[in-house]
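Counting convention: from 1, in listed order, for ligands and their atoms alike. In this text, all values refer to a predicted model and were calculated from it rather than measured experimentally.
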Amino acid sequence: METRVIPFSDDAIGEAGRLILAGEPVAVATETVYGLAADATNARAVARIYEAKGRPAFNPLIVHVPDFDAAERLGLFSDEARALAERHWPGPLTLVVPLRQTAGIAPIVTAGLSSLGLRVPAHPAMQALLRAADRPLAAPSANASGSISPTRAEHVLKSLGGRIPLILDAGPTERGLESTIVAATNGALRLLRPGPIEVDAVHVSGEKIEAPGQLASHYAPSKPIRLNVSSATTEEYFIGFGAIEGDANLSRTGDLVEAASLLFDLLHRADASQKLGIAVAPVPNEGLGAAINDRLLRAAA
Ligand code: TXA
Ligand code: MG
């Protein structure tokens with residue numbers, strides 16, 4: 001299959017919308033990472049996402065909708081969940097809520113769970129595609145299973161080229177990290193994945209994997225990674241931070257927002273380099289730094 005890369009435009013959205021309604025998966029920019037979107041009401045279309053990514057087991061997918069009203073038609077929102085949605089949507093927050101029986105979401109999307117991950121993305125390309133297709137869109141990150149998430153169209157092409165028909169190129173993504181995931185399924189809010197939005201919720205840690213995709217090794221480059229180092233060997237591609245210089249720097253000024261937006265791009269570059277290993281300078285574990293370190297730990301696992 002030939003994979004076309006088309007810049008985001010009205011025509012491109014029209015073409016992408018037609019492909020979605022024909023049951024094809026399309027890669028599209030969101031404000032977090034590029035997603036591989038398919039009609040969430042069409043089981044065969046969603047199965048093509050798993051096929052293209054080579055995801056071994058069915059792992060529930062996030063469903064994207066254009067606004068809160070559309071989200072409420074699919075899931076049941078507690079007062080706490082509604083408050084979070086009002087505060088952060090559209091934006092990089094996914095809420096896992098009980099699935100409405102009447103939602104019409106293909107069971108393959110939720111991997112048979114009675115809950116549903118919902119997100120209202122802020123990015124104009126994903127928003128335009130949602131409105132053109134007029135369907136809820138299931139979309140995991142647009143990378144082959146187990147590899148680094150894509151923050152540029154070229155990352156998607158490298159990972160999934162030949163396996164999908166179309167990539168809607170809207171440049172590098174702004175946030176660079178996948179959405180924060182919060183479960184609001186039985187009373188208390190639980191943080192399933194740290195991300196761009198800081199939420200006051202109980203942190204669900206390691207042992208009990210509540211977001212099945214949150215396996216320890218998930219964002220793995222093909223090379224060994226050492227974290228929290230102040231110098232690298234000549235065999236390593238060194239990703240610096242702040243005053244610690246390297247082959248590249250996440251942010252010379254120590255800005256965590258900039259670091260988050262560049263993280264996956266630098267991991268892609270390190271992976272593609274001639275070097276045999278990757279070393280990463282320490283990133284402070286506060287605020288957005290906690291989400292960055294979460295992804296780095298998984299990359300190193
Ligand atoms: O920023 C993002 O969230 C991006 C863009 C494309 O929206 N998407 C993304 O999808 O990161 P993915 O498939 O790579 O990660 C989705 C995570 C997985 O860890 C999955 O297990 C979890 O969400 N998840 C989805 N539905 C769930 C549910 N009903 N219960 C628990 N976890 C769920
Ligand atoms: Mg992913």
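The atoms of ligand 1 that sit less than 4.0 Å from any heavy atom of Asn59 are 20 (C), 21 (O). Here is the list of ligand 1 atoms found below 4.0 Å of a heavy atom in Thr32: 1 (O), 2 (C), 4 (C), 5 (C). The distance from ligand 1 to the heavy atoms of Val96 drops below 4.0 Å at these ligand atoms: 28 (C), 29 (N), 30 (N). Using a 4.0 Å cut-off to heavy atoms of Leu113, the atoms of ligand 1 that qualify are 28 (C), 29 (N), 30 (N).
Checked for salt-bridge contact, Glu178 and Arg119 miss the test: no charged N lies under 4.0 Å from a carboxylate O. Salt bridge absent: Arg18 and Glu24 never bring a charged side-chain N and a carboxylate O closer than 4.0 Å. Electrostatic pairing of Glu51 and Arg163 does not count as a salt bridge here, judged by no charged N lying under 4.0 Å from a carboxylate O. A salt bridge between Arg269 and Asp265 is present, with a side-chain N of the basic residue lying under 4.0 Å from a carboxylate O of the acidic one.
The Mg ion (ligand 2) has no N, O or S atom of Ser149 under 2.8 Å away, backbone or side chain.
For the pair Leu296 and Leu263, the minimum side-chain heavy-atom distance is below 4.5 Å.
Any N or O atom pair closer than 3.5 Å counts here, and Tyr34 shares no such pair with ligand 1. For a threshold of 3.5 Å applied to N or O pairs, the pair formed by Thr30 and ligand 1 contains no separation below that value.
Of all heavy-atom pairs spanning Asn285 and Ala290, the tightest one is OD1-CA, 3.5 Å. Of all non-hydrogen atoms in Lys223 and Lys275, the two that sit nearest each other are NZ-O, 2.7 Å.
No part of Thr110 comes within 4.0 Å of ligand 1, judged by heavy-atom distances.
The shell of residues lying under 4.0 angstrom from ligand 1, judged by heavy atoms, includes Ala139. Taking a 4.0 Å cut-off on heavy atoms, His64 registers as neighbouring ligand 1. Within the structure, the closest approach of Met126 to ligand 1 does not fall below 4.0 Å when heavy atoms are considered.
Shown here is Asp10, whose CG atom has no more than 12 heavy atoms of other residues, nucleotides or ligands within 6.0 Å.
Nearest to atom 2 (C) of ligand 1 by heavy atom, out of Ser145, Ala138, Ser179, is Ser179.
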